[in-house]
Amino acid sequence: MSLVQAEDTTYGSATAAELSSPTPLPTTVELLSDPSRRRIIAAGFCLAFFAIGFDPLFALWNYTPIPLGGLGRETHEIGLLLSTAAIVGMILNGFVFHRLERRFGSLTVFITGMSLWSINFIAMPIISALVRTLGESADYAASPHLKGVWFAAFCVLLVEKMASLAYPAYLLVVREAVPDPGSVGAVFGLAQTAGSIGKCIAPAFMS
């Protein structure tokens with residue numbers, strides 16, 4: 001009986017020792033030493049840079065007079081346009097994203113969303129050139145040829161809302177890059193730091 005008790009005591013003390021010295025968590029340098037994880041964190045910078053930079057750029061583009069390269073829209077028109085697109089964005093995030101993620105995977109949705117930003121940044125100067133070409137020098141806004149161009153500008157904003165699906169997809173991609181449960185906060189912190197840097201730089205750079 002004493003031998004059993006001794007074994008139990010030894011086992012119990014060993015277990016307590018193991019619990020008292022958990023496996024050390026990876027440091028920031030160790031987390032960044034993985035190339036794939038570095039690429040994911042850098043992608044967070046790009047996502048924030050494009051997303052935050054597009055908002056003031058779109059507003060300035062719409063408000064700037066047509067001869068200067070903008071669309072010459074009124075402030076209430078821009079507000080209505082942004083509000084309508086925001087409703088579309090809520091529908092996409094609430095009812096469409098989970099279906100796309102389940103069918104194609106978070107990484108594919110993220111890459112596709114990031115690719116859509118390039119379409120917008122290329123389309124905006126093309127639309128501006130069309131407006132100046134189709135508009136009449138005497139009165140750009142009153143030109144009957146520009147109605148389709150205004151619709152094209154709205155389509156740019158819709159593409160932006162589809163590109164914004166990269167945001168929730170990115171969170172899932174970051175979660176998959178976590179090496180162990182104890183590093184969740186550290187990895188997300190690095191991703192958020194990279195995104196914050198992008199948010200700081202984008203508005204000044206875009207405007």
Side-chain angles (χ1 to χ4, degrees), residues 19-62 78 82-83 85-125 156-207:
L19 292 175
S20 62
S21 57
T23 304
L25 298 176
T27 64
T28 300
V29 175
E30 291 172 340
L31 291 173
L32 292 175
S33 63
D34 182 79
S36 61
R37 196 173 296 120
R38 286 201 304 268
R39 287 193 293 270
I40 290 173
I41 293 173
F45 168 85
C46 296
L47 174 60
F49 183 85
F50 292 148
I52 299 301
F54 177 84
D55 289 339
L57 180 64
F58 184 82
L60 290 173
W61 177 56
N62 275 269
I78 300 173
L82 293 173
S83 298
I87 296 174
V88 175
M90 288 190 293
I91 295 173
L92 289 175
N93 281 276
F95 301 99
V96 178
F97 170 75
H98 70 281
R99 300 177 187 273
L100 295 175
E101 191 278 330
R102 189 161 50 229
R103 180 170 182 178
F104 301 105
S106 55
L107 182 59
T108 301
V109 175
F110 173 72
I111 294 175
T112 303
M114 292 294 290
S115 301
L116 291 175
W117 291 111
S118 61
I119 296 176
N120 270 356
F121 289 119
I122 293 173
M124 291 169 69
V156 167
L157 200 54
L158 292 183
V159 172
E160 184 267 338
K161 294 307 173 185
M162 290 187 286
S164 296
L165 293 179
Y167 260 118
Y170 178 70
L171 296 178
L172 297 178
V173 171
V174 173
R175 181 64 182 87
E176 294 170 0
V178 175
D180 56 77
S183 302
V184 173
V187 175
F188 271 94
L190 290 171
Q192 290 298 316
T193 299
S196 297
I197 296 173
K199 292 176 181 179
C200 291
I201 298 175
F205 182 85
M206 293 292 184
S207 59

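Here the closest heavy-atom approach between residue Ala169 and residue Ser106 is recorded as CB-O, 3.5 Å. What you find for Cys46 and Met114 is that their closest heavy atoms are CB-CE, 3.7 Å. Residues Leu165 and Val109 approach most closely at O-CG1, 4.1 Å, considering heavy atoms.
Here the side chain of Arg37 pairs no donor or acceptor atom with the backbone of Ser33 at under 3.5 angstrom. Of the possible polar contacts, none joining the Ser183 side chain to the Ala186 backbone as a donor-acceptor pair under 3.5 Å is found.
Side-chain contact between Ser164 and Leu92 is absent, with no heavy atoms from C-beta onward closer than 4.5 Å. Using a 4.5 Å heavy-atom cutoff, the side chains of Ile78 and Trp61 are not in contact. Asp180 has its side chain within reach of Pro26: a pair of non-hydrogen atoms, C-beta onward, lies under 4.5 Å apart.
Phe50 and Trp117 have tilted rings, their planes meeting at an angle from 30° to 60° on a 0 to 90° scale.
Taken to the nearest 0.5 Å, the CD1 atom of Ile119 stands 13.0 Å off from the CD atom of Glu160.
Within 6.0 Å of atom CZ in Phe121, more than 12 heavy atoms from other residues, nucleotides or ligands are found, so the atom counts as buried in its surroundings.
Applying the ring pair (Phe, Tyr, Trp, His ring centres under 6.0 Å) test to residues at least two apart or on different chains, the pairs with a partner in residues 158-188 are Phe110-Tyr170.
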Leu57 vs Met124, side chain to side chain contact (heavy atoms under 4.5 Å, CB included): CA-CA, chis, key distance, verdict: CA-CA 10 Å; Leu57 180 64; Met124 291 169 69; 3.9 Å; yes
Trace of the side chain to side chain contact (heavy atoms under 4.5 Å, CB included) decision for Phe104 with Ile111: CA-CA 11 Å; Phe104 301 105; Ile111 294 175; over 6 Å; no
